[in-house]
Amino acid sequence: MDSGLKHPSLHLFVLLCCLFQATAEDGGWKIATATLSRDKDGSSSVTTGGACGYGDLRQSSYGGYSAGLSGKLFNRGSSCGACLEVRCVNHIRWCLQGSPSVVVTATDFCPPNSGLSSDYGGWCNFPKEHLELSHAAFTGIAETRAEIIPVQYRRVKCGRRGGLRFSLNGSSHFFQVLISNVGLDGEVVGVKVKGHQTAWIPMARNWGQNWHSSLDLIGQSLSFEVTLIGGKTIASYDVAPPYWRFGMTYQGKQFLS
């Protein structure tokens, strides 16, 4: 059966997205769709876990305003930490009056569903641009009952309190650091680590914003150099003392606008 006839509201939704795409992108905004992320029990799932490695966002600086991104936007994890301003548009029934916007942090991956059409349930199928919004973010721009909404989004600078956070994990032969609370661009594209007995050593992205290297740095004070997608680099010296431990988080410098 034709899904447009069975669900006329979805058919109209697709037409509206196409109609307003040029206008939005000419104004610096890009067109996408958004849904409210839910676990099987109906609770929001974007605030816990996540493919960026941030863990429970309710315990972190990112709070409740977060989003899972479809593959095209997620870009294999390089978009983790980016800040997006999002607003619901062109839907009188579901968008809140005045089209208010919210700023969310990219913290998760929205996986594709090859069993469903990209315009009928497979919202995160490539190359769709789609956001799964946390409850706080979604209800800030649209009615909770909405199944899917048309949105506009744009990259914005991230405002963070405190310095960059370096969470250490690994073993004597594998060193990994999760970098969070990143201001400015938010997107980390390069990381180097330095022990007090070593030179600067490049690290590789493991997954999300977890970076790793096959090093034994136990017993050395640690410094980190972080580079953002916009090209800015900052070095935080002696972030962790020589007696640091795996499982601990240390704070460094912060990017300033």
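Computed over heavy atoms, backbone and side chain alike; hydrogens, waters and symmetry mates excluded. Numbering starts at 1 and runs along the sequence shown.
- Each of Val156 and Val102 belongs to its own hydrophobic cluster when Ile, Leu, Val, Met, Phe, Trp and Tyr are linked at side-chain heavy-atom distances under 4.5 angstrom.
- Two residues are said to be in side-chain contact when any heavy atoms from C-beta on lie closer than 4.5 Å; Lys192 and Ile201 fail this criterion.
- Leu215 and Val177 fall within the same hydrophobic cluster, defined by Ile, Leu, Val, Met, Phe, Trp and Tyr side-chain heavy atoms under 4.5 Å apart, directly or through other members.
- With hydrogens and angles ignored, the 3.5 Å screen pairs a side-chain donor or acceptor of Ser236 with a backbone N or O of Lys253.
- With a 4.5 Å cut-off on side-chain heavy atoms, Val151 and Thr33 do not count as touching.
- Evaluated for a ring-ring contact (aromatic ring centres under 6.0 Å, His included) with Phe166, the options Trp244, Phe224, Tyr250 yield exactly one hit, Phe224.
- Side-chain atoms of Ser70 come within 3.5 Å of backbone N or O of Lys128 as a donor-acceptor pair.
- Between His212 and Phe175, the distance separating the two ring centers is not shorter than 6.0 angstrom.
- Between the Gln220 side chain and the Pro242 main chain, no donor and acceptor come within less than 3.5 Å of each other.
- For Glu85 (side chain) and Tyr153 (main-chain N/O), no donor-acceptor pair under 3.5 Å exists by modelled atom type.
- No side-chain donor-acceptor contact under 3.5 Å links Ser99 to the backbone of Arg87.
- To the nearest 0.5 Å, the span separating NE2 on His196 from OG on Ser223 amounts to 10.5 Å.
- A heavy-atom distance below 4.5 Å is found between the side chains of Tyr54 and Cys80.
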Begin from the C-alpha positions of Ser180 and Arg160 and carry the test side chain to side chain donor-acceptor pair (under 3.5 Å) through to its verdict.
-> CA-CA 10 Å; Ser180 61; Arg160 306 295 185 205; over 6 Å; no
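- Interatomic distance, Leu168 CG to Leu222 CG, rounded to the nearest 0.5 Å: 6.5 Å.
- Side-chain atoms of Ser134 come within 3.5 Å of backbone N or O of Gly64 as a donor-acceptor pair.
- Taken from CD1 in Ile141 to CD1 in Ile149, the straight-line distance is 4.0 Å, to the nearest 0.5 Å.
- Heavy-atom minimum distance, Phe109 versus Pro111: O-CD, 3.4 Å.
- The shortest non-hydrogen separation linking Gly195 to Thr198 is N-OG1, 2.8 Å.
- Residues Asn125 and Asn113 meet the side-chain proximity criterion, which asks for heavy atoms closer than 4.5 Å.
- In terms of hydrophobic clustering, with Ile, Leu, Val, Met, Phe, Trp and Tyr side chains grouped at heavy-atom distances under 4.5 Å, Met248 and Ile179 are assigned to a common cluster.
- For the salt bridge (Lys or Arg N to Asp or Glu O under 4.0 Å) with Glu187, the lone residue among Arg155, Lys157, Arg205 that qualifies is Arg155.
- Shortest non-hydrogen contact noted between Gly230 and Asp185 is N-OD2, 2.9 Å.
- Contact record, His130 with Cys110: CD2-SG, 4.3 Å, taken as the closest heavy-atom pair.
- In terms of heavy-atom proximity, Phe174 sits nearest to Asn206 at CZ-ND2, 3.5 Å.
- Checked by atom type and distance alone, the side chain of Gln254 pairs as donor or acceptor with a backbone atom of Gly183 at under 3.5 Å.
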Trace of the side chain to side chain contact (heavy atoms under 4.5 Å, CB included) decision for Leu36 with His135 = CA-CA 6 Å; Leu36 172 60; His135 186 271; 4.2 Å; yes
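- One finds the OG1 atom of Thr233 at 7.5 Å from the CG atom of Leu228 (value rounded to the nearest 0.5 Å).
- With contacts defined as side-chain heavy-atom distances shorter than 4.5 Å, the pair Phe255/Cys158 does not qualify.
- No side-chain donor-acceptor contact under 3.5 Å links Ser221 to the backbone of Ala240.
- Counting only heavy atoms from C-beta outward, the side chains of Thr227 and Val188 never approach each other to under 4.5 Å.
- Tyr65 places none of its side-chain heavy atoms less than 4.5 Å from the side chain of Thr105.
- Within the 4.5 Å cutoff, the side chain of Leu84 has heavy atoms near those of the Leu131 side chain.
- Gln176 contributes atom CD, which lies 11.0 Å from atom OG of Ser214 (distance to the nearest 0.5 angstrom).
- Note that the CG atom of Asn181 and the OG atom of Ser167 stand 10.5 Å from one another [nearest 0.5 Å].
- Here the side chain of Arg245 pairs a donor or acceptor atom with the backbone of Tyr243 at under 3.5 angstrom.
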Evaluate side chain to side chain contact (heavy atoms under 4.5 Å, CB included) for Asp216 paired with His173, printing each intermediate quantity in order.
-> CA-CA 5 Å; Asp216 181 3; His173 302 291; 5.6 Å; no
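- When the side chains of ILVMFWY residues are joined at heavy-atom separations under 4.5 Å, either directly or via intervening members, Val193 and Phe246 end up in a single hydrophobic cluster.
- Taking the ring axis of Trp94 as reference, the NZ or CZ atom of Arg145 does not stay both within 45° of it and closer than 6.0 Å to the ring centre.
- Residues Val103 and Leu69 are members of separate hydrophobic clusters, defined by side-chain heavy-atom contacts under 4.5 angstrom among Ile, Leu, Val, Met, Phe, Trp and Tyr.
- Of all heavy-atom pairs between Thr139 and Leu96, the closest is O-CD1, 3.6 Å.
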